[in-house]
Amino acid sequence: MRLKPPPGLVGWGLALCLFLCVTTQVLSGIEPAWRTATIVLLAVSHFTANVSSGVLGRRIALDHDKGTLMRLAWNLITLAVLVNACRVVFEVAFQSTGRLDSALHPALGLRQIFVASSFLILTGALGAMWSAFTTLQLGIRLRAIDWALIGCVVFLVPPVIWNRQTMGDSGSPWAIVRYLQISGPILLAIPASMGIVLYRVSEEMGEGRMALTLKCLAGSLALRLSALAAAAFLGPDGNAAGASATSLVPMVFYITAHWIFLLGLVHRWRLSHQTTDLIERYESDQENQLTLLAQRTHKSAN
Amino acid sequence: MNTEHSITEAQWMEYLNGTLTEAACARIRSHLEICEECRGMLNQLREWESVVIEEVSRLKVTATRSTGEIDVLAEKFLRSIRENGIRPIQGSTLKPVEAVRLLRALLDPLCGAGAARNAVRLATEQSCRAGEQDVSVPNWGLFVRNLSKNVGYVYGSPARVLIERVGSLVAAEIH
């Protein structure tokens, strides 16, 4: 089956997930039972976006020859999003039985292993991708604005860590969980900084679907970092019910980040389709095209 | 063409694109002040360039809207160049530098102008011997292989195959 998802479908998916999650979150302030619906919808949204990204990422990786940096990059992206999907399943297994607080249920905090792993794998993927682009002399020189943005990302990390008591697993009795959570902002800052570099690559590249892909990846990482910062600075309890900024802002950022990431992969996959269609035309009509070329050559000689 | 004036075809094209080094630009400007032949040739190149840009813009618009139309417009692009009768060199068909422009026009909507320019420049450097600056008929095949490899490394096998296909078709018309 030839998979050819339109970008518009991703937009509709994002809009639907945002609408449902925000609505149930607001309703949970009136009737707490709606909180369960929010948790389920969030899980479905994240799982769908990540698994879809994984499927596309693997197909994109197969587009590249074995042993190339780009194939490695897309395989690592596939692995990172599938680790995210596993994290969702892990969390749902606990949350479906009412175990929402890792301070009371320490094993829930082990989700930080998935978080840290995903960030590390994503860092490797973006590094490989950047290295591949440098072969075309793209992304070699950063501008002052790029360094300034990277500096902003780096300087955001200490205040987020300082406010670590607002993070979900800060109360875990297991030290490994607390240390992994503290490392989360650092591990996210690195791929977020690389997202800035890839955005520079997209600007140097010009137009095209690959440039759109890179912009989506950079935007997704910026949103994830913003979500983390919002969760750290806005309030103590990400599990709070109701329509407060504490609960809504990080949730909207997280949902949008995952779907924007998927949108980037859709654009890259459609680039492959676009190119393959062109090849099929040349292969199916080659004789006719060669005849046209011969006629033009004869005309210009006369 | 202007090798007797020590300015290559590729340098003229880069001068028009504004991508030539400042030192080389200054040398060309000095030469233009004293050489009427080159001034006339440059005006001809500018007319040719405006036709190329117009056709490339049509290619880009189509590429962002739908798939599979770029090859049709690439043929129209080549026909338009001939029908306008604007040639950098009289009495020739498709020169290698023009064939390179055609491949760049094919790559621009797929890869982006910046990536396409860098890929072509890199392939040119990889394909030309020491002392050569332009792609020529003997090394056209090597140029296409290097370009397809460079593009395919970043954009995948379909892009590599596309460049190989179109490059081999264009090779039939290069003289």
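Sequence lines set the chain letters: A, B, ... in the order given, protein chains first and strands last, and positions in each chain run from 1.
For A/Ala132, the parts lying under 4.5 angstrom from a heavy atom of chain B are both the backbone and the side chain. Interface residue A/Arg268: only side-chain heavy atoms are found under 4.5 Å from chain B. Heavy atoms closer than 4.5 Å to chain B are found in both the backbone and the side chain of A/Gln137. With a threshold of 4.5 angstrom between heavy atoms, B/Arg121 does not approach chain A through any atom at all.
Taking the six-membered ring where tryptophan is involved, the planes of A/Tyr254 and A/His258 are essentially parallel, since the angle between them stays under 30° and well short of 60°.
By the neighbour-count criterion of 12 heavy atoms within 6.0 Å, atom CH2 of B/Trp140 is densely surrounded, having more than that number from other residues, nucleotides or ligands.
A salt bridge does not link B/Glu164 to B/Arg145: none of the charged side-chain nitrogens sits closer than 4.0 Å to a carboxylate oxygen.
Chain B forms the most heavy-atom pairs under 4.5 Å with one residue out of A/Leu136, A/Asp65, A/Leu69, and that residue is A/Leu136. With chain B as the partner, the residue from A/Asp63, A/Leu138, A/Ile60 showing the most heavy-atom pairs under 4.5 Å is A/Asp63.
For the pair A/Phe133/A/Met210, a side-chain contact is recorded, criterion being any heavy-atom separation below 4.5 Å from C-beta on.
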Could you walk me through whether B/Asp108 and B/Arg117 pass the salt bridge (Lys or Arg N to Asp or Glu O under 4.0 Å) test, one step at a time? CA-CA 8 Å; B/Asp108 273 356; B/Arg117 181 184 60 240; over 6 Å; no

